[in-house]
Asker: 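Before we start, here is the structure in question, set down as structure tokens.
These figures come from a predicted structure and were not determined experimentally.
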Amino acid sequence: MQLTLEFGGGLELLCDSKKIHNVNIEQQNGEAKLIMKDLLSWVRTNLIKERPEMFMKGDTVRPGVLVLVNDCDWELSGQLDTSLEEKDVVVFISTLHGG
């Protein structure tokens, strides 16, 4: 499944300072749908190069990380259970900044 992942608000620093990643993710165990929980696990394993604790806490993103799926807040679409489709754009933005 082709997805575009974007990282902002400092989260790009965890991914070799690259903001936009065009990725191809294979579904696990032949499942028909990819959900956000699966994507977050894939991101932690394949994209986060350092300090994964700054991006994730347990199976989800840390508090203070805004997640948008096709410009819609994932809290409106089911959070970890949000289904992803081909060519979706998922944006992760940290709302916590140093001063």
Side-chain angles (χ1 to χ4, degrees):
M1 175 177 297
Q2 295 280 338
L3 299 172
T4 300
L5 308 179
E6 299 180 16
F7 296 84
L11 291 176
E12 68 275 7
L13 299 175
L14 305 177
C15 305
D16 286 340
S17 297
K18 186 176 175 189
K19 287 189 175 210
I20 299 175
H21 299 261
N22 294 305
V23 299
N24 187 15
I25 301 175
E26 299 296 323
Q27 273 93 326
Q28 306 270 332
N29 304 326
E31 292 183 25
K33 289 187 176 183
L34 180 70
I35 61 172
M36 280 298 297
K37 184 175 182 177
D38 301 327
L39 176 63
L40 290 175
S41 176
W42 187 91
V43 167
R44 179 177 23 211
T45 303
N46 297 283
L47 288 183
I48 302 294
K49 302 298 183 193
E50 58 184 65
R51 299 176 61 185
E53 70 277 3
M54 298 300 292
F55 178 66
M56 294 187 69
K57 183 175 185 179
D59 287 341
T60 191
V61 293
R62 289 190 65 78
V65 175
L66 176 65
V67 181
L68 304 173
V69 178
N70 300 322
D71 295 325
C72 178
D73 189 333
W74 79 326
E75 291 185 7
L76 301 174
S77 61
Q79 295 182 327
L80 290 174
D81 294 323
T82 300
S83 293
L84 298 169
E85 296 181 7
E86 190 77 24
K87 308 257 186 207
D88 277 353
V89 177
V90 182
V91 180
F92 303 95
I93 303 171
S94 175
T95 61
L96 305 175
H97 302 281

Asker: With hydrophobic residues grouped by side-chain heavy-atom distances under 4.5 Å, do Leu66 and Val89 end up in a single group?
Answerer: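 Yes; tracing contacts between hydrophobic side chains, which count when under 4.5 Å, links both residues.
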Asker: Is there a donor-acceptor pair under 3.5 Å between the side chain of Asp73 and the backbone N or O of Glu75?
Answerer: yes
Asker: I need the Thr82 OG1 to Asn70 CG distance, nearest 0.5 Å.
Answerer: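 Rounded to the nearest 0.5 Å, the OG1-CG separation comes out at 10.5 Å.
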Asker: Under a single-linkage definition using a 4.5 Å side-chain heavy-atom cutoff for Ile, Leu, Val, Met, Phe, Trp and Tyr, are Met56 and Val43 assigned to the same hydrophobic cluster?
Answerer: yes
Asker: Nearest 0.5 angstrom please: Leu34 CG to Glu26 CD, how far?
Answerer: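 The CD atom of Glu26 is 10.5 Å from CG of Leu34, to the nearest 0.5 Å.
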Asker: Is there a side-chain contact between Cys15 and Ile48, using heavy atoms and a 4.5 Å cut-off?
Answerer: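 Touching, per the 4.5 Å side-chain cut-off.
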Asker: Hey, what do you get for CG (Leu84) to NZ (Lys33), rounding to the nearest 0.5 Å?
Answerer: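 Answer for the CG-NZ pair, Leu84 versus Lys33, is 10.5 Å.
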Asker: Do Phe55 and Pro52 have side chains that get closer than 4.5 Å, going by heavy atoms?
Answerer: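 No, too far: nothing below the 4.5 Å cut-off.
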Asker: For the pair Asn24 (side chain) and Met1 (backbone), establish whether a donor and an acceptor sit closer than 3.5 Å, ignoring hydrogens and angles.
Answerer: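 Yes.
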Asker: What do you reckon, is CD of Glu85 surrounded by more than 12 foreign heavy atoms closer than 6.0 Å?
Answerer: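 Atom CD in Glu85 is not packed in, count stays at 12 or less.
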Asker: I'd like to know if Ile35 and Val23 are part of one continuous hydrophobic network [Ile/Leu/Val/Met/Phe/Trp/Tyr, side-chain heavy atoms within less than 4.5 Å].
Answerer: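 No: no chain of side-chain contacts under 4.5 Å links Val23 to Ile35.
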Asker: Hey, what do you get for NE2 (His21) to CG (Asn46), rounding to the nearest 0.5 Å?
Answerer: 11.5 Å
Asker: Taking side chain as C-beta onward, heavy atoms only, is Leu3 less than 4.5 Å from Trp42?
Answerer: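 Answer no - side chains too far apart.
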Asker: When rounded to the nearest 0.5 angstrom, what is the spacing between CD1 in Ile25 and CD in Glu86?
Answerer: 10.5 Å
Asker: Is the number of heavy atoms from other residues, nucleotides or ligands under 6.0 Å of Met54 CE greater than 12?
Answerer: no
Asker: If you define the side chain from C-beta out and look only at heavy atoms, does anything of Asp59 sit under 4.5 Å from Arg44?
Answerer: yes
Asker: Measuring from atom CD1 of Ile93 to atom CG of Leu68, what distance do you get when rounded to the nearest 0.5 angstrom?
Answerer: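 Those atoms lie 5.5 Å apart.
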Asker: For Ser94 and Gly9, which heavy atoms make the closest approach, and how far apart are they?
Answerer: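 Minimum heavy-atom separation between Ser94 and Gly9: CB-O, 3.4 Å.
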Asker: Answer whether the closest heavy-atom distance between the side chains of Phe92 and Leu14 falls below 4.5 Å.
Answerer: no
Asker: With a 4.5 Å heavy-atom cut-off, do Leu80 and Leu40 have their side chains touching?
Answerer: yes
Asker: How about Val67 and Met36: do any of their side-chain heavy atoms sit closer than 4.5 Å?
Answerer: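 Touching, per the 4.5 Å side-chain cut-off.
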Asker: Find out whether Leu5 and Leu39 are in side-chain contact, i.e. whether some heavy atom of one side chain is under 4.5 Å from a heavy atom of the other.
Answerer: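 Side-chain contact under 4.5 Å: yes.
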